[in-house]
Amino acid sequence: MTTAIAPGESEGGTIARLRDATQRPWVIRTAVSALGGVLMWAAFPPRDLWFLGILSLALLAAALRGVVRFREGFWYGFVFGLGFFLPLLPWIGVYVGPLPWVALAVVMSLYTGLFGVIACRTTTWPAAPLWFAIMWVTVEWARSSFPFGGFPWGRTAFGQVGGPMLSLASIGGAPLVSFSVALTGAALTAVIGAVIRRPVRWQTVVPALVLALITPIVAAALWPSVDGRNSSDDEITVAAIQGNVPRLGLDFNDQRRAVLDNHVRETFRLAAAVDAGDAARPDIVVWPENASDIDPTANEDAAEEITAASAAVGAPILVGTLVRNADGRPTNTVLVWDGRRDSGDQIRGRYDKQIIQPFGEYLPWRSFFTLFSSYAEQAGNFRAGTGPGVVAVETTGRQSVTVGVSTCWEIAFDRSARKAVQSGAQFLSVPTNNATFGRTQMTYQQLAMSQLRAVEHGRAVVVAATSGVSAIIAPDGHTSSRSGFFEPATLEGTIPLHTGETIATKIGPWPERLAVLLGVCAFLFLLAPGIRFRGWSKEEHGDGA
């Protein structure tokens with residue numbers, strides 16, 4: 001291969017030009033950051049390649065290593081975010097077009113850009129991998145909180161449900177799992193960086209290796225206690241009903257009666273199997289979110305159907321429905337419906353969804369966002385519920401069971417399941433409706449959240465979805481049964497009941513708050529004028545601006 005020399009240019013000038021073209025570290029760093037983002041996406045369900053999450057953050061740490069300019073750090077973090085969120089979130093626009101999907105991915109990538117700004121300056125600090133992990137948890141907390149209540153989707157912990165790090169959720173919840181993945185990845189980068197230097201600096205290798213191994217060792221030690229929660233002296237039989245929906249798309253709710261009929265029909269099938277001796281009689285039946293979008297408290301026909309289904313199966317039903325309140329605003333509600341009781345006394349408990357979804361159940365800044373999409377007008381005007389997050393259910397055997405409820409979107413937020421368990425929940429119920437997202441990976445991403453909550457709080461979790469995927473999850477996070485997409489299904493199983501609390505339940509958000517406090521202090525320290533660290537100089541790194 002030959003290279004032409006431009007007129008008037010010497011051979012030495014050509015060589016210098018080629019050398020400059022091949023010595024642009026920002027190109028390599030950008031490619032490494034993008035690859036890291038894609039690998040993080042690949043770690044998430046349904047692929048469950050959890051180890052790629054560690055490799056992903058190792059690559060991001062490598063891309064940021066030695067970077068001191070804020071704008072460069074932002075760029076590498078932003079590119080990482082695009083590589084992750086663009087393939088993670090296409091379900092956002094499956095029926096409303098690409099603009100909301102791309103816009104959300106860009107906004108989420110701004111947070112990882114912010115992480116790059118902070119983390120790049122800490123690569124020369126003592127225990128740099130530790131600071132990397134602290135900053136990562138801080139930024140995940142920020143995007144899970146702001147704006148409009150935050151968007152926790154895609155937290156690193158949710159990509160670890162198939163891996164050994166999951167056990168750490170039992171002592172520190174999702175934040176500790178995310179922290180551990182970030183720490184391990186950044187520490188591995190530090191180990192490799194120290195080993196390839198000549199001479200090898202063992203005083204750097206050994207501490208970095210310790211940081212890389214500490215959380216996997218702790219995670220391995222925790223698994224016996226996590227697995228031990230799969231059994232209990234107190235057990236019940238539960239059934240999750242997936243009635244399916246008439247058609248795909250945003251307008252499936254137009255056939256509300258058909259959706260209700262589907263769930264009633266599937267419950268009657270279970271009742272027939274029980275009467276024939278082919279299935280155990282459930283103690284509790286769980287219907288999904290929106291199983292009856294006809295308000296049974298106001299519609300006599302709907303009430304009669306649900307009562308008949310409950311009476312036939314001989315068990316109370318947790319019914320996902322919409323209830324219009326006195327102020328005219330609806331609530332996304334779960335009713336404890338017991339058809340074994342006398343007429344007029346079937347409703348034995350109620351839970352109203354407390355963390356309602358922006359752009360779905362309500363539209364913030366309505367006049368502004370309607371400028372970008374006509375679909376924005378379809379957002380509801382729901383009212384958020386209050387209360388302890390549990391319902392008391394009198395089961396078939398007349399045993400009172402306290403059931404925690406986290407409806408759909410709520411399971412992404414740490415505080416929902418924690419509040420329920422701290423209020424006495426013996427198992428968790430997650431009624432959900434994913435029909436508006438078609439056959440996308442969204443439902444598997446959400447299922448992973450329920451699996452993490454099971455380990456975090458040591459509780460069995462019953463996921464009932466209108467169109468899939470429904471699942472019964474053991475306290476160790478594995479699914480004992482699972483349904484498919486867009487098909488009627490009944491899942492039945494025996495689950496343990498627990499009243500004790502894990503360490504994660506007891507200490508709640510305090511470890512995360514401590515990490516955020518440290519992260520914010522470090523950020524403010526970096527912004528202080530005149531700060532310089534050992535190993536930084538204008539000659540080596542530029543002016544650092």
Side-chain angles (χ1 to χ4, degrees), residues 235-243 263 267 282-292 306 310 313 315-321 331-338 347-355 385 387-396 399-413 415-434 443 446-447 449-454 456-466 468-475 477 479-483 489-499:
E235 299 179 335
I236 61 169
T237 301
V238 295
I241 302 295
Q242 179 176 303
H263 288 86
T267 306
D283 295 294
I284 299 174
V285 175
V286 181
W287 281 8
E289 178 187 31
N290 303 126
S292 177
I306 298 169
S310 175
V313 78
I317 302 175
L318 302 185
V319 179
T321 186
T331 49
N332 191 335
T333 298
V334 172
L335 296 175
V336 181
W337 201 283
D338 194 344
I347 300 176
R348 307 301 297 172
R350 171 174 172 170
Y351 170 81
D352 294 332
K353 188 176 182 180
Q354 299 178 9
I355 307 174
V390 297
V391 291
V393 183
E394 193 172 284
T395 66
T396 301
Q399 172 190 11
S400 180
V401 174
T402 304
V403 183
V405 182
S406 291
T407 301
C408 196
W409 172 245
E410 292 184 299
I411 199 62
F413 294 85
R415 65 184 183 275
S416 178
R418 181 190 303 125
K419 181 179 182 180
V421 174
Q422 289 178 336
S423 298
Q426 295 168 279
F427 77 91
L428 297 173
S429 167
V430 183
T432 185
N433 175 19
N434 300 331
T443 192
Q446 187 186 60
L447 181 62
M449 301 173 190
S450 296
Q451 292 175 267
L452 183 138
R453 301 305 176 200
E456 181 178 14
H457 301 293
R459 296 293 190 274
V461 181
V462 179
V463 179
T466 50
V469 172
S470 301
I472 296 178
I473 304 170
T479 56
S480 58
S481 58
R482 180 189 293 194
S483 70
T490 296
L491 303 181
E492 192 173 26
T494 299
I495 61 171
L497 300 179
H498 289 291
T499 56

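Since the structure is predicted, the reported quantities are computational estimates derived from the model, not experimental observations.
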For [X] and [Y], indicate whether the former's side chain and the latter's backbone hold a donor-acceptor pair under 3.5 Å.
X      : Y      : value
Thr267 : His263 : yes
Ser423 : Pro388 : yes
Arg453 : Ser416 : no
Ser406 : Glu410 : no

How would you list, by chain and number, every residue that makes a side chain to side chain contact (heavy atoms under 4.5 Å, CB included) with [X], sequence neighbours excluded?
X      : value
Gln426 : Asp234, Val401, Thr402, Leu497, Thr499
Ala315 : Pro282, Val285, Val313, Thr396
Thr331 : Val323, Asn325, Thr333, Arg350, Asp352, Arg383
Arg415 : Ile355, Phe413, Arg418

Original post:
Taking only residues two or more places apart in sequence or in another chain, which ones pass side-chain hydrogen bond (donor to acceptor under 3.5 Å, both in side chains) with Thr432?
Top reply: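 Only Asn434, Gln446 meet the side-chain hydrogen bond (donor to acceptor under 3.5 Å, both in side chains) criterion with Thr432.
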
Original post:
Asp283 and side chain to side chain contact (heavy atoms under 4.5 Å, CB included): which partner among Thr237, Ile495, Thr494?
Top reply: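 Looking at Thr237, Ile495, Thr494, the match for Asp283 under the side chain to side chain contact (heavy atoms under 4.5 Å, CB included) is Thr237.
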
Subject >> Minimum heavy-atom distance Ser483-Gly468, with the two atoms named >> reply: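 Heavy atoms of Ser483 and Gly468 come nearest at OG-CA, 4.2 Å.
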
Original post:
Roughly how far, to the nearest 0.5 Å, is the CD atom of Gln451 from the OG1 atom of Thr479?
Top reply: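 The distance works out to 6.0 Å.
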
Subject >> With sequence neighbours excluded, residues passing salt bridge (charged side-chain N to carboxylate O under 4.0 Å, His left out) with Glu492 >> reply: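 Not a single residue meets the salt bridge (charged side-chain N to carboxylate O under 4.0 Å, His left out) criterion with Glu492.
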
Original post:
Do we see a donor-acceptor contact under 3.5 Å between the side chains of Thr466 and Asn433?
Top reply: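 Yes - a donor-acceptor pair under 3.5 Å links their side chains.
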
